[in-house]
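A short write-up of the structure that comes next.
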Number of protein chains: 2
Amino acid sequence: MAVADPIERTLALGGYRLTAPRRAVLDRMRGLGNHFTAEDVQLAAPEVGRATVFRTMKLMRDLGIICQVVLDDGATVYQLTEDDAGEHHHHVICSGCGEVAEFSSDGLEDVLGDVARRTGFEIDTHRLELYGRCGRCRRL
Amino acid sequence: MAVADPIERTLALGGYRLTAPRRAVLDRMRGLGNHFTAEDVQLAAPEVGRATVFRTMKLMRDLGIICQVVLDDGATVYQLTEDDAGEHHHHVICSGCGEVAEFSSDGLEDVLGDVARRTGFEIDTHRLELYGRCGRCRRL
DNA sequence: GTACATGCAAAACTTTTGCAGTATG
DNA sequence: CATACTGCAAAAGTTTTGCATGTAC
């Protein structure tokens with residue numbers, strides 16, 4: 001039978017089984033919005049074993065279903081990837097409500113080229129996180 | 001008596017005492033080069049208590065003496081800040097030898113402005129890490 | 001039916017804390 | 001000589017692992 005949910009399809013195509021715990025973890029992550037830690041997911045899905053939560057989140061991270069977000073203070077949390085898994089993107093995190101918006105930037109290429117020229121490095125990948133306040137929180 | 005070492009002066013000016021454990025931690029971090037974790041420092045300074053290593057590294061992080069570097073795989077390590085503590089800068093990390101170079105970029109401002117316009121966010125701070133290969137490793 | 005996945009509990013780490021003793025400024 | 005700092009050991013928190021059992025395909 002065909003699988004409707006795109007994420008579940010990703011799992012199926014990768015040869016991974018669609019189990020109740022995996023569906024539960026996915027479902028709760030969707031409910032958590034913004035971003036979440038392993039502990040958040042664990043608390044939201046108490047019927048799933050601790051180890052399975054970690055194993056499932058590791059799997060989803062490898063598959064690009066969730067992505068790591070580094071906060072201002074250095075803590076790292078996760079978020080369901082919005083666009084197609086694998087697409088390169090960055091995050092803007094609101095210090096007020098915690099909302100995370102994804103964006104991609106072409107202008108960044110110039111910056112990378114400039115740094116490569118100045119440092120002699122050949123740049124392969126990068127990570128950019130922005131911190132600020134979203135439109136809604138700015139009006140409060 | 002005047003303190004010659006700039007980092008020790010920073011500590012002294014902040015009202016912090018120059019103790020043997022703090023000097024030892026600083027000295028070993030200098031010897032570790034590139035970047036290091038709390039465990040690396042702990043192993044390099046076995047005569048200093050575990051808790052003191054963590055307390056000292058936390059203090060130095062707050063004072064800007066060391067800065068956090070987020071690696072490609074999401075792990076975070078530390079590095080002695082090269083330029084004046086507090087100056088905003090970014091890192092380029094070599095996947096070959098682990099060398100970390102610091103840089104600052106003016107062009108990034110344009111990117112931030114563009115993202116702000118498109119997302120409605122007001123950007124306060126940011127974090128940018130680049131990953132690649134340094135000139136030396138590229139020639140190997 | 002078989003390989004993959006899970007749950008549980010224990011283990012392995014990492015970081016923090018309480019407190020009595022020590023040493024800096 | 002007051003008090004900031006340290007070491008130790010215990011606690012707290014987080015992620016991993018081993019293994020018997022369960023289940024998706």
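So that the names make sense, note that chain A is the first sequence line, chain B the second, and so on, each numbered from 1. Note that this is a predicted model, so its numbers are computed, not measured.
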Whole-Å distance separating the [atom1] atom of [X] from the [atom2] atom of [N]:
| X | N | atom1 | atom2 | value |
| --- | --- | --- | --- | --- |
| A/E47 | C/dC8 | CD | C1' | 16 Å |
| B/L59 | C/dT16 | CG | C1' | 16 Å |
| A/L18 | C/dT6 | CG | C1' | 15 Å |
| B/R55 | C/dT16 | CZ | C1' | 9 Å |
| A/L11 | C/dT6 | CG | C1' | 16 Å |
| B/M57 | C/dT14 | CE | P | 13 Å |
| B/D40 | C/dT15 | CG | P | 11 Å |

### Summary
Assert: residue with more 5' nearest nucleotide on DNA chain C, out of A/A20 and B/Y16, is A/A20

### Message
Let me spell it out: for each of B/T19 and B/K58, pick the nucleotide of DNA chain C with the closest heavy atom. Which residue's pick is nearer the 5' end?
### Response
B/K58

Taking NZ, NE, NH1 and NH2 as the nitrogens, is one of them in [X] or [Y] under 4.0 Å from a carboxylate oxygen of the other?
| X | Y | result |
| --- | --- | --- |
| B/R133 | B/E99 | no |
| A/D27 | A/R22 | no |
| A/D5 | A/R9 | no |

[X] has a side chain; which of [options] sits nearest to it?
| X | options | result |
| --- | --- | --- |
| A/V48 | D/dG7, C/dG7, D/dT14 | C/dG7 |
| A/R17 | C/dT24, C/dT17, C/dA3 | C/dA3 |
| B/R50 | C/dT15, C/dT6, D/dT15 | C/dT15 |
| B/A38 | D/dG18, C/dT15, D/dG7 | C/dT15 |
| B/F54 | C/dT16, C/dG7, D/dT15 | C/dT16 |

### Query
Heavy-atom distance under 4.5 Å between the side chains of B/I66 and B/M57, does that happen here?
yes

### Query
Considering only heavy atoms from C-beta outward, does the side chain of B/T81 approach that of B/E102 to under 4.5 Å?
yes

### Task
Quick one: label A/R22 by what it contacts on the DNA or RNA (base, sugar-phosphate, nothing), any heavy atom closer than 4.0 Å.
sugar-phosphate

#### Entry: Sugar-phosphate, base or nothing in reach of A/Q42, heavy atoms under 4.0 Å
nothing

